[in-house]
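Remarks on the structure that follows.
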Amino acid sequence: VTATAPATSPVAAAARGVAGAGGAPERPPGEPRLVGYLYVLPAFAVFACFVLYPLGKAGWISLWNWDGLTVATWAGFSNYTDVFTDEELRSAFMHALVLLVFYAVFPLLIGLLLAGVMARARIRGLAFFRTILFLPQVIALVVVAVMWKMIYDPDNGALNRMLGWFGIEGKSWLGDFSLALPSIGFVGTWLYFGLAMVLLTAGVQKIPSSLYDAARVDGAGPVREFLAVTLPGLRGEIAVSLTLTTIYALRNFDLVYITTHGGPGDATSVPAFQVFSRAFESGQVGSAAAIGITLTVVIFLISLGINRLAERGT
Amino acid sequence: VFAALALTALVAGCGAPGDDGDDSASQATPAATTDAKPDISKLGNVTLTIWDQEVRGGQKAQIEELSKQFEAKYPNVKVERISKSFEDTVKTVKLGASDPNAPDIVPANQGRPIMGELVKAKLLRPLDDYAKVYGWADRYSPTLLDLNRFSEDGKEFGSGQLYGLSQMGEIVGVYYNKEKVPTPPTTLAEFEASLEEAKAAGETPIQFGNLEKWPGIHNYETVLGQFADKQAVRDFVFAKDGANFDTPEFQEAAAKIQEWVDKGYFNKNFNGTDYDPAWQSFAKGGSRYLIAGTWLTADLAKEMGDNVGFMLMPGDDPNAPVSLGGESLPYSITSSSKNPDVAAAYIDFLTDANAAKVLVDTDNLPAMLGAPAPASGVSVEVAQAWEKLNQSDGLIPYLDYATPTAGDDIGGAIQEMLAKKSDPQEFTAGVQEKFSEWAESR
């Protein structure tokens, strides 16, 4: 997504004329004018107030041992070293990485598959299917979590009942130490493949059909066509989809909180859940802030990496 | 990011978090002590804001009735209740009490995670002056009053000043289905024989839902009471000298409950089952037994009528029962309450003889001494068990009172132990390690 260059618009040209009359020195082309910052100011003020200030405050609190009620004591960077040395926290970050596969990679693969199919054949009632598959996105996450908790219920849940029809013995999906995390991850895949699909199919429709015609004339099969035409054409959409789902995966809290409380044991504990539990349950606000800041940095770096990769190819 | 770092430096000017100057100083000393019963009707129009967690059937009925009666008695007082479930309460009560416009009364759950933290931050008003004026000490057994006591600095639990009053007694015991269990077992051996019999008949012996982590504490500790010395459990919870979780008795209890898991005495997927569906399944005849607290009495009585019975977890000696229990969440007055006199009068009203009668009528178990006996139903058995337990001094307090993080630490460890991820030795050693970490840092 790129903004149109302001210098080419007539308004900007007029503004330049006015500034020029004021006797401002001639600037090299492309150099922003100072008055530009004034235009940004209202938005920046809101941003600073509601994003930068809380972020800064969280950074400050993360340097203290604070129970949230009494006066804090200085902790320095020990809350941050805990993030890397405390086994509980390290495993929480590992769980987040596992969820990343379920939340970002799987939806993307499913979305690509669907987009690839749709690029070859124009499907009747496409809008209808797209709406159905996109529906999970529209439901509030709390409702999704409560619904899946019922589906996963070992005795009366829909999943185990359905397995029972085929004579398969159901499992304790959320109570089993090795199944709980993938079970939560699957909900994420179900939730976000619709988003990936809508982004990617929209991208496919934008690819000129002459490219497909050319590929077919050159004798490309469906796979070759997908790799040579569809995939490169979707680079931007893939980056957007990955960025969004990665952020959802890493900041995932609602699903875990409602379905398992991080249990059984610590098997589904994720960083965002630790932030909540430490800040509001066990009175370790400094540590919670440190985890939050670390998580912010991790999300920032991963998104940056994804977008760098996407841009390098173009 | 750089802007954020710069901002961090900027914010750095404002000092340590929590050090807001003015309010902590004024809260250091409680409001003037009261030496006579204040006349509430002469205080003008007052709105009393109360947080409570009385959301289940019988509990909701009693507090609605008593609040209505209180408003009728003092037309100048308006009671504004904000009810949240237990889980939501324990997560928000610390934030709520630290608000400058805090509610007048909060349910500051006993133990170090909530009440201890609030006392340390001087956010609760000591109630000893009101206790003297209203004669609260005659209303409760010392054991129950002590559960609501903390030293002024919040370091000692179970002694010191009084910070709240509870309405209901609580026992975590065993509910049984009278159709399936005509004569309840009286010793642990008989109980296990009954479990085996149920299993052999293809029934579910004990219904158990442990998805939320905390129910496991109740099941384990109910068994623990039959193995460990009751004083050892109390010493651990109150963090007395020599408190130790890592002993052979605590391991024996863990081994016993693991044995029950192995033998299939619980429903198979208990770690993945919710608490509420579990007791609802028991209520529909899904199992012989349910290990649960008396907060379910009213709900179970409504579902099962005369078919539900209640007993204490049987031990070796039927005449010296030991059971997990205590009292419901206390009503505590916040330091920032502008109407402590009215709040105290309300608390008094919730715990007097009239209240005891309302509690019995709504299938609750009054914690107060000399409460009227319930007429019929499972409440009779609950009241008898309470009486017996108090006579033999057999109450042991909840393990999750022990440290600020005990609920999650011990709950998670029990989930692992029940799933055979850890053996009894690893389980007790792990809990003790977390406990020592806290004990050294406090």
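Lettering of chains follows the sequences in order, A, B, ..., and the numbering in each one begins at 1.
Under a 3.5 Å cut-off, the side chain of B:Glu440 and the backbone N or O of B:Glu437 do not form any donor-acceptor pair. Side-chain N or O atoms of A:Asn79 include one that pairs as donor or acceptor with a backbone N or O of A:Ser62 at under 3.5 Å.
A:Tyr103 has its ring centre no less than 6.0 Å from the ring centre of A:Tyr248. Ring centroids of B:Phe282 and B:Phe208 are separated by 6.0 Å or more, keeping the two rings apart.
Heavy-atom distances place no part of B:Leu418 under 4.5 Å from chain A, backbone and side chain included. Within the 4.5 angstrom heavy-atom criterion, no atom of A:Asn156 approaches chain B. For B:Leu95, the part sitting under 4.5 Å from any heavy atom of chain A is the side chain, from C-beta outward, and nothing else. Only the side chain of B:Lys213 comes within contact range of chain A, with heavy atoms under 4.5 Å apart. With a threshold of 4.5 angstrom between heavy atoms, A:Phe276 approaches chain B through side-chain atoms but not through N, CA, C or O. Contact of A:Thr259 with chain B is made through the backbone alone, with heavy-atom distances under 4.5 Å. With a threshold of 4.5 angstrom between heavy atoms, B:Asn210 does not approach chain A through any atom at all.
A:Asn160 has its side chain out of reach of A:Tyr152: every pair of non-hydrogen atoms, C-beta onward, lies at least 4.5 Å apart.
Annotation: maximal heavy-atom pairing with chain A below 4.5 Å, among B:Met417, B:Glu212, B:Lys268, B:Arg112, occurs at B:Lys268. Of the listed residues A:Gly265, A:Gly262, A:Ser282, the one with more heavy-atom pairs under 4.5 angstrom with chain B than any other is A:Gly265. In terms of non-hydrogen atom pairs under 4.5 Å with chain A, the most contact-rich of B:Thr403, B:Leu118, B:Leu211, B:Val90 is B:Leu211.
Taking the six-membered ring for Trp and thresholds of 30 and 60 degrees, B:Trp214 and B:Tyr275 have ring planes inclined between 30 and 60 degrees apart. Between B:Trp260 and B:Phe266, the angle of the ring planes lies from 30° to 60°, which puts this pair in the tilted group.
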